[in-house]
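This report concerns only the one structure given below.
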Amino acid sequence: MARRPRKRRRRNAGAAAGEGPDCFSHITEDVLRLFSPPTPPVSTPNPMARRPRKRRRRNAGAAAGEGPDCFSHITEDVLRCILSRLPTRSAATLAAVSRHFRQEIPPLLDRVDSLSVQEPHVHVPLRDTPPLLLRRLALAPHRAIPPSSFRQMLDRAAQHGVSELSFRLTRRARLPKNALSVKSLSVLFLETCAVPPWSEVACPCLRTLKLHRVAIHQEIINKILASASCLDTIEMVYCTGLGTGRGGDCTVESSSVRNLVFRPTLKLEGIKIRAPALRTVTLYTRGKVKRLELMPAPDVRKAYLHIAKSRTIMEPFKIRPFLDAGARLDCLTLRGHAMKVLSSEYEDIPKLTIMFQDLRILSVSLDLSSAQQTIFLLKLLESCPNLQKFSVSAAGTDYDLDLPPSTDHERLASISCLTSSLVQFKFRGFKPEEYQKELMVFLLTKGKKLKKVGVEFEQRQADAVKRILSVRRAPIEKISTKFGSIHMELEYS
């Protein structure tokens, strides 16, 4: 028992002196790697682990007053200049940038986005100093309030830079004479009112003019078009007093107008549209219109022409120059008697001299009992090699009339758009007659890219139409009934 302590002391002493067996030198690196804690990869550091450090440093620097302060030293004049160049909503949200902006911006934000007034003496936030920035002012007074009482309000709104003005009356009363003299106006909308001939016209920034049921003379229209050199959009809907006498003519002549909507009154007898920069045009005529002149617009992209049937002796309409110059048309719609007028203008030529390379959508209202209109339609389709959507509305067709000869299959086959590019076809007012049946069968059998076909017909002709449409089975069929007629849509994959 006395020897054990000596052996222990010797072993401990040998271990302390580096003597004795080495139990760790034979351990390989693979064994050590198994017991060692995992280390994160060095090449892809975790960005989320660094964010708290950066935030703590920034907060510490901000608390100590370190770092550049870009907002608190901005003067009031500079801040007002910045706010004047921003929209109202953006200027209001700018107050959340800093504490300094939160205190300084609300007193400087002197703006009124939209203001609607019905009485001239009501209290409105339009003080004299400093001037507000007013965007839109809508005036709709009661019948008993004379519109002339709004002159002072219009003068004050002009001082505050109003850009949009809307005036609506319950009757065709006269506007204040200074309604057209606000130089900051960019949008003017007049509805159910009258413009006095002695009105002061000075609106050089006007870009949009809308006149709905407005009594206005041709002289005032000429002054507005001459004053607004950057006018872009005109809408004239049922405007009276355009010329002298009961009927008269209306002339819209501008070199800057791109969008035009024109719907005349019943008494108007002549229409002249001279706008070479047109992009879109929507034109309607009435039964008493005897003269129509639509000048060429080479850059027009979309045209909607609705020519009403004339009740009196009609002079030759001049639409052919407009169509000949519309080589960049993308969408063309011909309604009413537009096909009849154009077919008579192009009767002397066997083929159209212009190719509508960009035309994608064509919609026509056609009297299929007229051989002249049918021939013009074929001419029009031959000049549209890239047509994708084609719509036909049968108008004026009657069983008692002499039907034209059947459709020429050779000429239909020569029309490239019907077989190679047509994707969607609609036939409204379809009747299973021989000339309509052949056209439908040709499109169903020869159309290579046809995806959708819509047919509208009378309910008593459902069985005959379904037999015609059965030449090409469709995986999807939709049938709906409206106003005593059936509308069927076929979709092909």
Side-chain angles (χ1 to χ4, degrees), residues 112-128 131-228 231 233-244 246 248 250 252 261-268:
V112 179
D113 185 70
S114 182
L115 185 63
S116 299
V117 181
Q118 295 181 353
E119 297 181 5
H121 304 292
V122 69
H123 176 70
V124 294
L126 293 178
R127 58 181 181 272
D128 296 333
L132 297 174
L133 295 178
L134 181 62
R135 184 184 67 86
R136 182 178 182 272
L137 177 62
L139 303 178
H142 191 264
R143 183 186 296 269
I145 299 176
S148 58
S149 58
F150 288 90
R151 292 179 182 176
Q152 294 183 354
M153 182 172 293
L154 289 176
D155 292 336
R156 295 175 62 186
Q159 297 176 1
H160 292 279
V162 60
S163 59
E164 298 183 16
L165 177 62
S166 174
F167 222 119
R168 180 181 181 181
L169 304 179
T170 55
R171 65 190 189 282
R172 290 191 175 179
R174 291 177 177 176
L175 292 175
K177 65 178 183 179
N178 60 343
L180 302 177
S181 61
V182 181
K183 296 183 179 181
S184 60
L185 277 184
S186 61
V187 178
L188 178 61
F189 184 21
L190 304 180
E191 184 177 2
T192 318
C193 57
V195 180
W198 55 83
S199 299
E200 302 174 359
V201 180
C203 42
C205 300
L206 191 64
R207 298 187 61 88
T208 302
L209 176 63
K210 297 182 180 181
L211 305 176
H212 292 187
R213 295 176 176 85
V214 178
I216 184 171
H217 287 272
Q218 182 65 47
E219 292 78 7
I220 300 297
I221 295 177
N222 295 338
K223 291 181 180 180
I224 294 175
L225 296 179
S227 175
L231 189 61
T233 303
I234 296 181
E235 292 185 9
M236 298 181 63
V237 180
Y238 304 135
C239 295
T240 61
L242 298 172
T244 58
R246 297 185 59 185
C250 179
V252 178
V261 178
F262 190 89
R263 297 177 68 103
T265 57
L266 183 61
K267 297 180 180 181
L268 193 64

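All residue numbers refer to positions in the sequence shown, counting from 1.
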Query - side chain to side chain contact (heavy atoms under 4.5 Å, CB included) evaluation trace for Ile224 with Leu188 - result: CA-CA 11 Å; Ile224 294 175; Leu188 178 61; 5.6 Å; no
Report task. Any chance you could lay out the side chain to side chain contact (heavy atoms under 4.5 Å, CB included) test for Phe150 and Leu137, step after step, and finish with the verdict? Result -> CA-CA 12 Å; Phe150 288 90; Leu137 177 62; over 6 Å; no
Report task. Under the side chain to side chain contact (heavy atoms under 4.5 Å, CB included) rule, what do Cys250 and Met236 come out as? Steps first, then yes or no, please. Result -> CA-CA 11 Å; Cys250 179; Met236 298 181 63; 4.1 Å; yes
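Residues Pro264 and Tyr238 approach most closely at O-CD2, 3.4 Å, considering heavy atoms. Here the closest heavy-atom approach between residue Ala179 and residue Val182 is recorded as O-CG2, 4.3 Å. Nearest heavy-atom pair, Ser149 versus Pro146, reported as atom, atom and distance to 0.1 Å: OG-O, 2.7 Å. Looking at every heavy atom in both residues, Val201 comes nearest to Ser227 through CG1-CB, 4.3 Å.
Under the rule for a side-chain contact (heavy atoms from CB on, under 4.5 Å), the partners of Ala215 that lie at least two apart in sequence or sit in another chain are Ala194, Thr240. Listed by chain and residue number, Pro147, Leu169, Arg171 satisfy the side-chain contact (heavy atoms from CB on, under 4.5 Å) test with Ala173 (two or more places apart in sequence, or in another chain). In this structure Glu164 satisfies the salt bridge (Lys or Arg N to Asp or Glu O under 4.0 Å) test together with Arg135, sequence neighbours excluded. Qualifying side-chain contact (heavy atoms from CB on, under 4.5 Å) partners for Thr170, counting only residues two or more places apart in sequence or in other chains: Arg143.
Residues Leu180 and Ile220 meet the side-chain proximity criterion, which asks for heavy atoms closer than 4.5 Å. Side-chain atoms of Ile216 and Leu190, non-hydrogen and from C-beta on, never get closer than 4.5 Å to each other. Ser166 places a side-chain heavy atom less than 4.5 Å from the side chain of Arg136. At least one side-chain heavy atom of Ile234 sits less than 4.5 Å from a side-chain heavy atom of Leu225.
Cys239 SG to Arg213 CZ: the interatomic distance, rounded to the nearest 0.5 Å, is 10.0 Å. Atom CG of Leu175 and atom SG of Cys193 lie 4.0 Å apart (nearest 0.5 Å). In this structure, OG in Ser163 is found 12.5 Å from CZ in Arg207, a value given to the nearest 0.5 Å. Atom CG of Leu206 sits about 10.0 Å away from atom OG1 of Thr233, to the nearest 0.5 Å. Considering CG of Leu154 and OG of Ser148, their distance stands at 11.0 Å, rounded to 0.5 Å.
With hydrogens and angles disregarded, a donor-acceptor distance shorter than 3.5 Å links the side chain of His142 to the backbone of Ala144.
Within the structure, ring-ring contact (aromatic ring centres under 6.0 Å, His included) contacts touching residues 175-215 (residues at least two apart or in different chains) are Phe189-His212. For the side-chain hydrogen bond (donor to acceptor under 3.5 Å, both in side chains) condition, the pairs that include at least one residue of residues 176-190, sequence neighbours left out, are Asp155-Asn178.
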